Amino acid sequence: MTLFVSDRLRLDVVAMLSLLALILTGVASVDVGLAGFSNPAVLMIAGLFVVGAGLTETGIADWLGRKLELAGGTSELRLVVVMMAGTAFVSAFMSSTGTVAILLPVVGGIAARRGIAPSRLFMPLAFAAHLGSNLTLISTPPNLLVSDALSAAGHEPFRFFSFSVPGVAALVVGVAYVALAGRHLLPRGTEPEARPGAVSDHELASEYGLGDALRSVRIGPSSRLIGETLAASNLRAGQEVTVVAVLRDGESLRVMPSLTFQPFDDLLVIASDQALHAFVTSFGLVQLSTPATFSLPPEEGLAEIVLPRRSRLVGRSARAIQFRDRYRATVLGVRRVEGGRQVSHTRLALRDLVLAAGDTLLIKGRRKYLKNLHQERNDMVLVSEPGAGPGVLLDRTRALVAVIITLAMLVVMAFAWLPNVVAVLAAALLMVLAQCVRPSEIYRSVNWESLVLIACLIPLASVLERSGATTA
């Protein structure tokens, strides 16, 4: 308990130390100590993470976010009520952590478009996710653990909707309090200027200071770059120049290693004044005096991610973690609080900038790869994905299959036609077979820290009960 409170070690590490202490001291046998890893509740939680990933991968979460925004209207009060109700509904069928990870970028986009300070929507979002965990049996791990404990003790376990009546009452009271009183206590922060549509790439780039850092150059008819590919030119490492966009005949091209430069291509680059001068001189380029405007091809976009405290990226640089190869995205800027004020890093040096918890990164990549970052919730939280128009992220066929599988699972569990763990594992397997979840995302979608934590603490609870410590 002291290690939990001190927060000096990860929660799963503390739980594993507890498990080993029980076994090494002889308080628990090896069989008892490892029993938590075969507990049905732990297997159910793992399966529910995969089911939740299926709903996310197929774009249902994004579709729900757009519906919530439409239903919220123009009133902040109405938006808070609708957003909390929708969040609680999603949280009733998956973990509160997963719900927040899915809806955080959706709600962040709504706040930006409505000109509302994000703090006034993010806190109600968190409250609603926890309130929704009181609605069904599968909505949170403690519900499953208590039900399993009742069954082990010879009592009737909880049914799927055993929590629903008191849960709905608590939800109504919670939403009413936040909407009528609580939201007035939330910090207003800096309210962004209201935007009628999605945040444009140029607006987001300007927020990071890229408007000043961007330079525009043109490839002359005798330039040494003509006929060279982006990979062969080695501009990033050799010239300390980062190519952000390539414009050809007014059309923005994909910046990819195989891109071949042609005469009169306009390049948008990030470079220091010294590096830019050397680049222009060495390759026979023309530096344009017109302001550089951020422009990307339709399939590419910008996004913002925030690094949580326990992210594996914290304490390492983008170069060290091979960010571009691992996540198929390029880091263009980093914002962090230094000396009580927010500072933006947009120069080439950010490749070696050591990342810290709470850093906000501006990244560029193909939209389908940016969408996949929703699954990296342990290492990053995608808080802003601008420019994704209606219907772009929804795979209608797979989304319909994912909904049918989820509803079938809920019906089977509600009527107790199969053991709950079997119903959940069957649904998770069907999600994979129906390609609602990509094979590479199956194990990424599981929050292993939570699973190890629960599996290691179940034997501790069992030993406390058997030894009489709970009645002492």
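In this text, all values refer to a predicted model and were calculated from it rather than measured experimentally. Sequence positions, counted from 1, serve as the residue numbers for this chain.
- A search for side chain to side chain donor-acceptor pair (under 3.5 Å) contacts involving Asn134 returns nothing, not counting sequence neighbours.
- Partners of Tyr177 under the ring-ring contact (aromatic ring centres under 6.0 Å, His included) rule, at least two apart in sequence or in another chain, do not exist in this structure.
- Listed by chain and number, the residues in a side chain to side chain contact (heavy atoms under 4.5 Å, CB included) with Ala28 are Leu22, Val32, Val463 (sequence neighbours excluded).
- Here the shortest heavy-atom pairing between Ser91 and Ser133 reads OG-N, 3.7 Å.
- When the side chain to side chain contact (heavy atoms under 4.5 Å, CB included) test is applied to Val42, the partners found at least two apart in sequence or on another chain are Asn39, Leu451, Ile454, Ala455, Ile458.
- Partners of Phe323 under the ring-ring contact (aromatic ring centres under 6.0 Å, His included) rule, at least two apart in sequence or in another chain, are Tyr327.
- Taking all atoms of both residues into account, the shortest heavy-atom contact from Leu302 to Lys364 is CD2-CB, 3.6 Å.
- Rounding to the nearest 0.5 Å places CD1 of Ile23 at 8.0 Å from OG of Ser29.
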For residues 404-421, which side-chain donor-acceptor pairs fall under 3.5 Å, sequence neighbours excluded?
unit_1 : atom_1 : unit_2 : atom_2 : d
Thr406 : OG1    : Ala402 : O      : 2.8

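- Residues Val81 and Ala179 share a closest heavy-atom pair of CG2-CB, 3.7 Å.
- Between Ala357 and Pro308, the shortest heavy-atom distance links the atoms CB-O, 4.2 Å.
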Practice task
Would you sort out whether Leu77 and Arg183 count as a side-chain contact (heavy atoms from CB on, under 4.5 Å), showing the intermediate values?
Solution key: CA-CA 9 Å; Leu77 172 60; Arg183 67 188 184 92; 3.7 Å; yes
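- Crowding of Glu449 atom CD: a count of heavy atoms from other residues, nucleotides or ligands under 6.0 Å exceeding 12.
- Distance alone, capped at 3.5 Å, places no donor-acceptor pair between the Arg316 side chain and the Val354 backbone.
- Taking each heavy atom of Leu313 and Met380 in turn, the nearest pair found is CD2-CE, 4.0 Å.
- Residue pairs meeting the salt bridge (Lys or Arg N to Asp or Glu O under 4.0 Å) criterion with at least one member in residues 159-176, sequence neighbours excluded: Glu156-Arg159.
- Pairs passing the side-chain hydrogen bond (donor to acceptor under 3.5 Å, both in side chains) check and including a residue from residues 41-53, sequence neighbours excluded, do not occur.
- Looking only at distances, no side-chain donor or acceptor of Arg326 sits under 3.5 Å from a matching main-chain atom of Gln322.
- With rounding to the nearest 0.5 Å, the separation of CD1 in Ile321 from CZ in Arg312 is 10.0 Å.
- Side chain of Thr136 to main chain of Phe161: no donor-acceptor pair is present (N/O by atom type, distance under 3.5 Å, no hydrogens or angles).
- Residues Leu307 and Ala356 share a closest heavy-atom pair of CD1-O, 3.9 Å.
- Arg309 places no side-chain N or O within donor-acceptor distance of the main-chain N or O of Val314, the cut-off being under 3.5 Å.
- A donor-acceptor pair under 3.5 Å is formed between the side chain of Arg398 and the backbone N or O of Gln435.
- Here the CZ atom belonging to Arg336 is positioned 7.0 Å from the CG atom belonging to Leu355, to the nearest 0.5 angstrom.
- Residues that satisfy the ring-ring contact (aromatic ring centres under 6.0 Å, His included) test with Phe158, not counting sequence neighbours, are Phe163.
- Here Leu453 pairs with Phe4, Leu11, Ala15, Leu457 under the side chain to side chain contact (heavy atoms under 4.5 Å, CB included) rule; sequence neighbours left out.
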Under 3.5 Å, which donor-acceptor pairs do the side chains of residues 125-132 form with other protein atoms, sequence neighbours left out?
none

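- Atom-to-atom distance recorded for Leu171:CG and Leu135:CG is 6.0 Å, nearest 0.5 angstrom.
- The 12-atom threshold is exceeded at CZ of Phe37, counting heavy atoms of other residues, nucleotides or ligands nearer than 6.0 Å.
- Applying the side chain to side chain contact (heavy atoms under 4.5 Å, CB included) criterion to Pro124, with sequence neighbours excluded, gives Val80, Met83, Met84, Val178, Leu186.
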Practice task
Evaluate side-chain contact (heavy atoms from CB on, under 4.5 Å) for Leu460 paired with Leu19, printing each intermediate quantity in order.
Solution key: CA-CA 7 Å; Leu460 176 60; Leu19 173 62; over 6 Å; no
